[in-house]
2 protein chains.
Amino acid sequence: MKLSQEDIRRRFKAQGLKVTPQRVAIYKALAETTEHPTAEDLHLQVTQIHPMISPNTVYYTLSVLKEVGLVQEVNYWHDRARFDANVTPHHHLICLQCRAIQDIHDKTLDRLLRWSGIPSNFQVTGHRVEFHGYCAQCQTADTRRTSLPIPSKAHTKRRNS
Amino acid sequence: MKLSQEDIRRRFKAQGLKVTPQRVAIYKALAETTEHPTAEDLHLQVTQIHPMISPNTVYYTLSVLKEVGLVQEVNYWHDRARFDANVTPHHHLICLQCRAIQDIHDKTLDRLLRWSGIPSNFQVTGHRVEFHGYCAQCQTADTRRTSLPIPSKAHTKRRNS
DNA sequence: TTGCTAAATAGTAATCAATCCTAACAAGGA
DNA sequence: TCCTTGTTAGGATTGATTACTATTTAGCAA
């Protein structure tokens, strides 16, 4: 989406964020692509305007924008590979708090594969439905989060188990 | 699922794999849990039977089992965080070859949120549908893969872009 | 316009999941 | 039993991300 500097400034202000050239450039770059870039992609992109910008700034900025809900992490459970010996197609229920993953087996969901809204030039080999939320154990007010995706801080804490 | 040594031996043989105690233990541990463990989780688990087993062996074994289709990686695009400034709920079309991600906006898919098959003790806050396959550019016979998820080798090659 | 202050930036170092490399080892067939 | 080839384990390496920290700057108030 095309955004003017003023649009961006307004959005940042509305969230109580300082408006810095770097921050604007990062958000602008992300808002103007549909390619779901990585932090590195964005850093490379923004380098063309701010040659001295640090990757660190990109990571920090993204975490801030994520916190206020201006940005989302598309693959929010990207931290580590997780495996399953059940190779039949099935779907998942993911707890945003404790990261537990439950399986769902259901014909209704499987049938989505024949859904007609898929662009005809895309060859589909499979699909997966994820429901996000809170498992029975994690449904207490103080620990609950309100928005997707989970902040990247959780990533850091993962080793506390 | 409960599996005897013989069951596992048969499955390995059927895929032309050597049957080693470590390999059996790893697969057995994965098959007997529904918790979608990480490689580290599995290593810890198997350590109780094979105290000297190397994490390396777990990684290698998982990649082999994945290749022959006995195991799948649940979050197969876990390698790096990817971001989106479009924070409205939407869904994705993911190319297994080039990892491109296209957005899908559709009311039909959004309506799944009210799907009745979700366990009542799970509090759902959102959901996401992913379709996997091959984008127009990647639909050539020599580069196409046949199964999900993509082998971990792709992970290594990602920097060639 | 000028300071003040808290937050942002950038550089360096650290962390850690995952992979690479390689020598020793062992499964399975001859 | 022997041989071959795939497997294992250990050490080193890579690379995304985070931690730490000194410097800079945005935003506010005088």
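A, B, ... follow the sequence lines: proteins, then strands. Residue 1 opens every chain. In this text, all values refer to a predicted model and were calculated from it rather than measured experimentally.
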Any donor-acceptor N or O pair under 3.5 Å, side chains A:H90, A:D84: yes
Taking the side chain as every heavy atom from C-beta outward, state whether A:R99 and A:R82 have any pair of such atoms under 4.5 Å apart. yes
note: A:N75, atom CG; D:dT17, atom P; distance rounded to Å ~ 9 Å
Taking the side chain as everything from C-beta on, heavy atoms only, tell me whether B:V129 gets closer than 4.5 Å to A:L112. yes
Under 3.5 Å, is there a donor-acceptor pair between the A:H36 and B:Q102 side chains? no
Let me know the distance between CG of B:D79 and P of C:dA18, rounded to the nearest Å. 11 Å
Run the salt-bridge test on A:D7 and A:K2 with the 4.0 Å N-O cut-off and return the result as yes or no. no
Rounded to whole angstrom units, what separation is found between the CZ atom of A:F12 and the C1' atom of D:dG27? 15 Å
Do A:H91 and A:D110 pair up side chain to side chain, a donor and an acceptor below 3.5 Å, judged on atom types alone? yes
Do the side-chain N or O atoms of B:Q22 get closer than 4.0 angstrom to the phosphate oxygens (OP1, OP2) of D:dA9? yes
Find out whether B:I101 and A:E35 are in side-chain contact, i.e. whether some heavy atom of one side chain is under 4.5 Å from a heavy atom of the other. no
Output yes when at least one side-chain N/O atom of A:R23 is less than 4.0 Å from OP1 or OP2 of C:dA8, else no. yes
Please check if any side-chain donor atom of A:E130 sits under 3.5 Å from a side-chain acceptor atom of A:H132, or the reverse. yes
Is there a donor-acceptor contact under 3.5 Å from the side chain of A:Q123 to the main chain of B:G133? no
Rounding to a whole Å, what distance do you find between A:D41:CG and D:dT17:C1'? 15 Å
Measure CD/A:E67 against C1'/D:dT18 and give the value in whole Å, please. 14 Å
Taken to the nearest whole Å, CZ/B:R80 to C1'/D:dT17 is 11 Å
Report each atom pair, protein N/O against N/O of nucleotides 21-23 of chain D, whose distance is under 3.5 angstrom.
none

B:A39 or A:V64: which one's nearest nucleotide on DNA chain C is closer to the 5' end? A:V64
Looking at B:E40 and A:R80, is there a salt bridge between them, counting it only when a charged N and a carboxylate O are closer than 4.0 Å? yes
Rounded to whole Å, the NE2-C1' distance (B:H43 to C:dA18) equals 14 Å
Would you mind telling me which residue lines up with the more 5' stretch of DNA chain D, B:A81 or B:H50, judged by nearest nucleotide? B:H50
Side chains of A:H105 and A:N86: donor-acceptor distance under 3.5 Å anywhere? yes
Can you see which heavy atom on B:A25 is nearest to which on B:H50, and at what distance? CB-CD2, 3.8 Å
Nearest whole Å is fine: how far is C:dA8 P from A:I26 CD1? 12 Å
Residues from residues 51-62 of chain A sitting under 4.0 Å of DNA chain D, heavy atoms only? A:N56, A:Y59
Just the table, please: protein N/O against nucleotides 26-30 of chain C N/O, every pair under 3.5 Å.
from: C:dA27; atom 1: N3; to: B:K18; atom 2: NZ; distance (Å): 3.2
from: C:dG28; atom 1: OP1; to: B:K13; atom 2: NZ; distance (Å): 3.2
from: C:dG28; atom 1: OP1; to: B:V19; atom 2: N; distance (Å): 3.0

